[in-house]
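As structure tokens, the structure follows; a few thoughts come after it.
Note: hydrogens, waters and symmetry copies are ignored here, and every other heavy atom, side chains too, is used. Model, not experiment: these values are computed from the prediction. Reminder, nothing fancy here: chain letters follow the sequence lines and each chain counts from 1.
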Amino acid sequence: MKKYIDDFVVVENRRLNHEYVILTLQLDRELPEILPGQFAEVKVENGPDTFLRRPISIHDADYDKMQIKLMVQEIGEGTRIMGGLQKGDSLNLVYPLGSSFSEPDTDDVLLVGGGCGVAPLLYLGRRLKQKGITPKFLLGAGNRNGLVAIEEYEKVGEVNVTTEDGSAGTKGYVIHHPLMKTDKPAYGHVYTCGPEPMMKVVARFAQKHNIKCEVSLENKMACGIGACLCCVTDTQDGRVCTCTDGPVFDSTYLKWQI
Amino acid sequence: MKKYIDDFVVVENRRLNHEYVILTLQLDRELPEILPGQFAEVKVENGPDTFLRRPISIHDADYDKMQIKLMVQEIGEGTRIMGGLQKGDSLNLVYPLGSSFSEPDTDDVLLVGGGCGVAPLLYLGRRLKQKGITPKFLLGAGNRNGLVAIEEYEKVGEVNVTTEDGSAGTKGYVIHHPLMKTDKPAYGHVYTCGPEPMMKVVARFAQKHNIKCEVSLENKMACGIGACLCCVTDTQDGRVCTCTDGPVFDSTYLKWQI
Amino acid sequence: MADLTIDLRNGLKLKNPVMTASGTFGYGEEYEDFFDISQLGGIIVKGTTGSRREGNPYPRMTETPKGMLNAVGLQNKGVDHFVKEIYPRIKDYATNILVNVSGSTVDEYEDVARKINELENIPGIELNISCPNVKEGGMAFGTSCPSAVAVINAVRKVYDKHIMVKLSPNVTNVAEIAHAVEGEGADSVSLINTLLGMAIDAETRKPLLSTITGGLSGPAVKPVALRMVWQVSQVVKIPVVGLGGIMNADDAIEFMLAGASAIQIGTANFIDPLVSVKVIKGIEDYCERHDVKAVRELTGAMITE
Amino acid sequence: MADLTIDLRNGLKLKNPVMTASGTFGYGEEYEDFFDISQLGGIIVKGTTGSRREGNPYPRMTETPKGMLNAVGLQNKGVDHFVKEIYPRIKDYATNILVNVSGSTVDEYEDVARKINELENIPGIELNISCPNVKEGGMAFGTSCPSAVAVINAVRKVYDKHIMVKLSPNVTNVAEIAHAVEGEGADSVSLINTLLGMAIDAETRKPLLSTITGGLSGPAVKPVALRMVWQVSQVVKIPVVGLGGIMNADDAIEFMLAGASAIQIGTANFIDPLVSVKVIKGIEDYCERHDVKAVRELTGAMITE
Ligand SMILES: Cc1cc2nc3c(=O)[nH]c(=O)nc-3n(C[C@H](O)[C@H](O)[C@H](O)COP(=O)(O)OP(=O)(O)OC[C@H]3O[C@@H](n4cnc5c(N)ncnc54)[C@H](O)[C@@H]3O)c2cc1C
Ligand SMILES: Cc1cc2nc3c(=O)[nH]c(=O)nc-3n(C[C@H](O)[C@H](O)[C@H](O)COP(=O)(O)OP(=O)(O)OC[C@H]3O[C@@H](n4cnc5c(N)ncnc54)[C@H](O)[C@@H]3O)c2cc1C
Ligand SMILES: Cc1cc2nc3c(=O)[nH]c(=O)nc-3n(C[C@H](O)[C@H](O)[C@H](O)COP(=O)(O)O)c2cc1C
Ligand SMILES: Cc1cc2nc3c(=O)[nH]c(=O)nc-3n(C[C@H](O)[C@H](O)[C@H](O)COP(=O)(O)O)c2cc1C
Ligand code: FES
Ligand code: FES
């Protein structure tokens, strides 16, 4: 897929809570095709201590409006600068990068997300819905305030939640939710993105039940386009780049101890 | 003199033209004594390419209001960041630093400034006026737009100007002004700050007429407090630090080829 | 318009002094979407070894003040793969493709060089005797005169096109090594490779690279790189190719003023994939502004009175 | 509260691991207005030579990406002036005042050390065999084992208090030099001094330092400094004092994890004159948060599995 470098303009910065924002970014021409699961390398301007770009998933894309959305969790200087962007600011993106979630062979799919890993699942869900598949979401957070932008997911599919403190949905981690405790899962394809331990339990569950499971990995990236070989992960084929062969991998392809 | 490190709050950013601003900075307690000619080392925050503090002269000080003013010429990233500060922003200063202009033995004094070198002359003029001496200013610029905040100087003394293109005052450099072309200068002490070539002609003129002349030097500074020895200038006593022995020197003390 | 061409001799003619540095520009293909890479003076492709290498385990990269540390460790599929799979794909780019050659033994360098010598459209190799990220070979060859000499000597016998030798900055006297390398018939030297560095996470107490130490690149190293280019250009007669932290045209020009005939851009490609064409344009503008007829006039043109 | 004391042995006991680096903290007095400098673990005063030195001409300083180059060149009024004029003023600070000793010849080092040995309230010297900014001596002594050994050997004979030897990073193998220095009776080593660098103004084509090259310091050099501290601490038994780009408590802790027993803060003092006390406080907080009983437990405590 052809990659682009473009300056987007921030048309909205919607703050979800003390650490999450959703940026709506406007392009001045038609968006190129973007697949669910792909990401952008975002240039952070005016950061005294940032140097490289920061990889951020495509949270949503609207071809009619020529807009994309990024959901950003502020954890360091780079993401905090993104979180502080205001309407009218410009943001330079290299995109769309990496592999994408595949199309399912089944109509029953489960999308499991945690933390900023929920970001790519909205766009994935929307694309599935366009194909006539109504996805089930299972979203986990520490507490109810951590469940961000849930109404957007509800527009797309059925939303199930877990919180560690029980302040919303099932108490515990995603693995404690009935959807993951059943012996007869009512879905044939699981997509997951979030903290690695979470993805590992999801992958283990899927493997046990012979369900196809795709995971989206994080990694430290310098270039995002396969040029530097910094972002490797161990797979059946040896070390491959997360930025080009991933970030989305079939869980069985990874050399995970699960 | 005791040095301080303080956070000031910007209460006004007055833009004079495309490259000059005057910042009014508020302290939350009484100002310490600041002498005319002294400067502050300003911490530039959020500069991706700035590292060290930037030396800036005290342009004015108001003990009643507990405010000081800086006049900043935007020539690089550091000064541009200062120029972009807004009301409410905070600015960390190490101050007051360096030597000061001395008190004159005469009532007839001339203050010659060019470029951002006019900055310390306002505070000097004000202090002289408080002592009952009405100073004469001679301010030079490229054209009339370069003559900044002239009304402030007019409140303090008599203002004479030169512009290179003749768009205001006498056409030419300060040395072409009648005040500097006379054989019988009507002043016994000259203070000057600005581009080195300008200060040198002023110093030459003063020496010829046996007038005391004090100049304020620029220099590349790392610490501003005499700790690093980076900012030397050649004097009758060998290499001395501009930040502690200067920035104000008697012109005859310097090893200038004039 | 100024004449931007640079002749590095022995068959290596550049349309302009801007090349991209090994390990930071893939095989060029990765950047094709962004601009026409044939605009470049040259492309130095990834470090290539005798046989396939997996490189170092994750994590291999961490950001540092105005720089980054990497510990890729020469991951590549080996010279035969390059010859069979990659060369056919890239051989027709209208720019100079140089192969960065590495090895653990003198024999391995020789072997790779011999195979690359067969490739018509590769006008030269860059001998990497300075990779800090492998246990054997690499930097070890570039940090003493006798071992550097041994590599160049062996490779010179089997490789008749342009040999550019990439020097390590992790040495007491880089000029001495450059001088020795010139004596063995190197056609040019390029410097600097990365500075050996390290980073630790205070909270977890763990090193941030799997190999503990790695190679530092980016603007942070520029003052050191510039100094070394200047030192080397005082003692060698062959062309010097300067790199280390170049982010814009001014940086590139500074390297030329210090003595470089051409320059390479590395880490900056990650931050702005278009940086190399911007630097070419910026050099052009500089020549215009300063009335420089041919960019080669800038080499060593620092004014010291 | 954690025990912050560090015993560097041979009479050098620090109340905490934070010292200020030579050439960046004047004689301490310059910072007195800002905080009570007796809170520091130690202060290394300016480089002191046998006789008065004017240092290098202007310009001596330029900013670089996350760092600075300096070419002060050991400007000082000589050891006799120090003994007569400065020592009386600073001798009663309730912290360790170390004199940074430099020279062009072995005799000069010896001469200065002998005179400092007489000063009761100076518990040690830092032997600067690594200044890159003087034509003779300085770094030349620190870049080869035999010359380093010659200096330490001569000084050890006339100086019986703590000798800290400041190492140059401009070498191929810093561990080798540290090892040699230890063998001659150094009580500790400190590293790094500045990296030799250079800067040019593209527009004027002139070097930005009067001496063309100068010493690079600040965060830009931190990865190199950390790596060298780690390498040296693997081979010597004497304490290692780490410095190079420390801006905050995390940086300081990283140096300790890499193997430093104490640290020095240099360039950061220019940006925040209060940085050293903030680092002390930050180390205290870190110990609290990580349940570290004595800060010395952090030395070499990097986890590598
Ligand atoms: C393919 C991909 C997609 C991503 N999508 C999103 C997204 O949609 N929304 C979002 O908020 N974040 C996303 N991230 C994570 C995001 O890239 C990091 O949070 C960001 O780079 C941190 O930058 P910073 O400057 O804020 O923090 P830094 O100051 O750089 O780091 C703060 C802390 O986070 C750690 N860290 C930094 N980067 C990473 C990383 N890539 N992986 C693991 N730890 C890291 C650092 O080690 C440090 O401890 C994605 C990452 C990848 C690889
Ligand atoms: C005692 C003193 C008082 C000063 N008072 C004022 C003042 O009241 N108002 C004001 O606007 N400026 C003043 N200056 C100058 C001011 O410090 C510089 O303009 C500023 O440091 C430039 O920083 P920058 O980041 O904007 O530019 P940079 O990007 O650092 O530099 C831009 C260009 O200016 C040159 N430059 C930078 N600093 C200096 C310097 N100190 N001397 C000469 N050339 C330099 C650089 O070499 C470069 O070419 C004063 C300087 C001194 C030493
Ligand atoms: C991720 C990465 C991989 C690199 N791989 C190689 C390599 O294979 N061979 C080589 O000679 N240099 C390699 N280098 C070094 C660069 O070519 C260059 O010498 C160095 O990064 C300094 O230039 P820069 O600051 O412009 O990046 C690599 C650098 C980076 C950052
Ligand atoms: C302006 C300046 C002057 C210095 N003078 C000396 C000196 O006289 N003796 C010495 O051993 N080191 C000297 N140094 C080196 C510092 O002590 C220190 O080793 C170096 O700056 C690295 O630490 P930093 O990055 O924390 O500054 C000087 C450094 C600077 C910036
Ligand atoms: S980040 Fe460069 S190859 Fe993946
Ligand atoms: S700027 Fe440090 S001594 Fe003057």
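Atoms CG and SG, from Asn269(C) and Cys223(A) in turn, are 9.5 Å apart once rounded to the nearest 0.5 Å. If you take OG1 on Thr64(C) and CG on Asp49(A), they are separated by 11.0 Å, rounding to the nearest 0.5 Å. Summarising the geometry, atom CZ belonging to Phe35(C) is positioned 8.5 Å from atom CD1 belonging to Ile5(A); distances are rounded to the nearest 0.5 Å. Once rounded to the nearest 0.5 Å, the distance linking CE of Met61(C) with SG of Cys231(A) reads 8.5 Å.
For Val232(A), the parts sitting under 4.5 Å from any heavy atom of chain C are the backbone and the side chain alike. With a 4.5 angstrom heavy-atom cutoff, Asn219(A) touches chain C via backbone and side-chain atoms both. Proximity to chain A is limited to the side chain of Leu208(C), based on heavy atoms less than 4.5 angstrom apart.
Residues Ile225(A) and Tyr31(C) are in side-chain contact: their nearest non-hydrogen atoms beyond the backbone lie under 4.5 Å apart. Annotation: side chain of Ile271(C) is in contact with side chain of Phe51(A) (closest heavy-atom distance under 4.5 Å). Proximity of Val72(C) to Cys230(A): side-chain heavy atoms (C-beta onward) are separated by under 4.5 Å at one or more points. Taking the side chain as every heavy atom from C-beta outward, Thr244(A) and Glu30(C) never approach each other to under 4.5 Å. You'll find the side chain of Pro273(C) reaches within 4.5 Å of the side chain of Val94(A), heavy atoms only.
Take Glu196(A) and apply the salt bridge (charged side-chain N to carboxylate O under 4.0 Å, His left out) test, not counting sequence neighbours, and it matches Lys200(A). Not a single salt bridge (charged side-chain N to carboxylate O under 4.0 Å, His left out) links Glu284(C) to another residue, sequence neighbours left out.
At a threshold of 4.0 Å, the pair Glu32(C)-Lys3(A) does not count as salt-bridged, since none of the basic side-chain nitrogens sits closer than that to a carboxylate oxygen.
The candidate from Met221(A), Arg239(A), Lys220(A) with the greatest count of non-hydrogen atom pairs under 4.5 Å with chain C is Arg239(A). By number of non-hydrogen pairs under 4.5 angstrom with chain A, the leading residue of Pro57(C), Ala71(C), Gly55(C) is Pro57(C). Counting heavy-atom pairs closer than 4.5 Å to chain A, the top-ranked of the candidates Lys66(C), Glu29(C), Glu63(C) is Glu63(C).
Checking side-chain atoms of Glu54(C) against main-chain N and O of Gly238(A) turns up no donor-acceptor pair under 3.5 Å.
Across all their heavy atoms, Leu52(A) and Met68(C) have their closest contact at CD2-SD, 4.1 Å. Here the shortest heavy-atom pairing between Phe270(C) and Cys228(A) reads CZ-CB, 3.4 Å.
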* Candidate pair Met1(A) and Asp33(C), rule side-chain contact (heavy atoms from CB on, under 4.5 Å), full reasoning -> CA-CA 9 Å; Met1(A) 277 182 68; Asp33(C) 283 350; over 6 Å; no
